[in-house]
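Note that this is a predicted model, so its numbers are computed, not measured. Here is the naming used below: chain letters follow the sequence lines, and residue numbers restart at 1 for every chain.
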2 protein chains.
Amino acid sequence: MRRDIFQAIADPTRRAIIVLIALQAMTPNAIAEHFDTTRQAISKHLRILTECELVKQEPQGREIYYSLEIEKMKEIEKWLEQFKKIWESRFNQLDNLLTTIKK
Amino acid sequence: MRRDIFQAIADPTRRAIIVLIALQAMTPNAIAEHFDTTRQAISKHLRILTECELVKQEPQGREIYYSLEIEKMKEIEKWLEQFKKIWESRFNQLDNLLTTIKK
DNA sequence: AACTTTGGAAACCGGTTGGTTGCATATATA
DNA sequence: TATATATGCAACCAACCGGTTTCCAAAGTT
């Protein structure tokens, strides 16, 4: 039951759902139409995405609109930052090397 | 057996390994010392990381040094970019709104 | 009130995962 | 050459995952 965002985006169907609802909220049925699977399977994916707060629900009559919690996506970005520092510094090292050779 | 980078980083132990070897190459034994698990378990994680080319090996005598393929990490960054556009544009929308209110 | 639509929950199933234990191989070292 | 060290691989196992089928509840529609 331990959900975290990295486990949530590990599944390709869930990543596709995230992309799908990033720009506009959608109902489970509407989402399921985009995949070759049952509505119930999509419902399970939505539950996992909801559990780790990547997705929020907005009930509207008997329909429920799901949309992306875009702020939560920044957690991935945050984890990546430590590596960005490394690859940027490697660029700098390469840059320094090239400057030295030039001289 | 289909490995992809998102599945690779889904496991917390593997994420910790990635961080550990990001700055300096390490042998499986040295890596295993940092975790409360067997060397063989770490070996399996390293195999998965190697399979999806997140990690590269450098044999040196009877030891094998593992280090991070930092370029591969950019694939995650690449996938995140589509959302970065969204959260930046939301910032802009908020910005526009604030400007309008100010007027 | 009876029917339809929307969506969640439970039970089940086969495949995968992460771990352990035991073994094999290759490289040092005595 | 015999021994110790470093590592990978195979077999096994309990837990988990993603999917299906079945069922139930709530909200519209007739």
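Contact annotation: Thr27(B) does not reach the phosphate of dA6(D) (side-chain N/O to OP1 or OP2, under 4.0 Å). In terms of phosphate contacts, Thr38(A) brings no side-chain nitrogen or oxygen within less than 4.0 Å of OP1 or OP2 of dG19(D). Contact between the side-chain N/O atoms of Gln7(A) and the OP1/OP2 oxygens of dC16(D) is not found at any separation under 4.0 Å. His45(A) has a side-chain polar atom (N or O) that falls below the 4.0 Å cut-off from OP1 or OP2 of dG19(D). An OP1 or OP2 oxygen of dA10(C) is reached within less than 4.0 angstrom by no side-chain nitrogen or oxygen of Arg47(A).
Distance check, rounded to the nearest 0.5 Å: CD1 of Ile76(B) to CG of Leu80(A) gives 5.0 Å.
The Asp11(B) side chain lies nearest to dG18(C) when the options are dT20(C), dG18(C), dT20(D).
At most 12 non-hydrogen atoms from other residues, nucleotides or ligands lie less than 6.0 angstrom from CD of Glu58(B).
Two residues are said to be in side-chain contact when any heavy atoms from C-beta on lie closer than 4.5 Å; Glu69(B) and Glu53(B) fail this criterion. Taking the side chain as every heavy atom from C-beta outward, Tyr66(A) and Ile42(A) never approach each other to under 4.5 Å. You'll find the side chain of Asp4(B) reaches within 4.5 Å of the side chain of Arg15(A), heavy atoms only. The side-chain heavy atoms of Glu81(B) and Lys85(B), taken from C-beta on, include no pair separated by under 4.5 Å.
Near-neighbour residues of DNA chain D inside residues 28-37 of chain B, defined by a heavy atom below 4.0 Å, number-ordered: Pro28(B), Asn29(B).
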Could you pull out the protein-nucleic contacts involving nucleotides 22-28 of chain D (nitrogen or oxygen on both sides, under 3.5 Å)?
{"residue": "dT22(D)", "atom": "O4", "partner": "Gln40(A)", "partner atom": "NE2", "Å": "2.8"}
{"residue": "dA27(D)", "atom": "O3'", "partner": "Arg62(A)", "partner atom": "N", "Å": "3.4"}
{"residue": "dA27(D)", "atom": "N3", "partner": "Arg62(A)", "partner atom": "NH1", "Å": "3.4"}

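The side-chain contact (heavy atoms from CB on, under 4.5 Å) test applied to Ile70(B) returns Phe83(A), Ile86(A), Trp87(A), Arg90(A), Leu68(B), not counting sequence neighbours.
Rounded to whole Å, atom P of dT7(D) lies 11 Å from atom CD of Gln57(B). In this structure, the CG atom of Asp4(A) is 15 Å from the C1' atom of dC17(D), given to the nearest Å. For Leu49(B) and dT7(D), the CG to P distance is 16 Å, given to the nearest whole Å. Between Arg3(B) atom CZ and dG15(C) atom C1' there is a gap of 13 Å when expressed in whole angstrom units. The NZ atom of Lys44(A) sits 12 Å away from the P atom of dA11(C) (whole-angstrom rounding). The distance between atom CG of Leu46(B) and atom C1' of dT17(C), rounded to the nearest whole Å, is 16 Å.
Taking the charged nitrogens against the carboxylate oxygens, Glu75(B) and Lys78(B) have no contact shorter than 4.0 Å, which rules out a salt bridge.
Annotation: of the two residues near DNA chain D, Ile48(A) and Tyr66(B), the 5′-most nearest-nucleotide partner is Tyr66(B).
Counting only distance, with no hydrogens or angles, the side chain of Thr50(B) and the backbone of Leu46(B) share a donor-acceptor pair below 3.5 Å.
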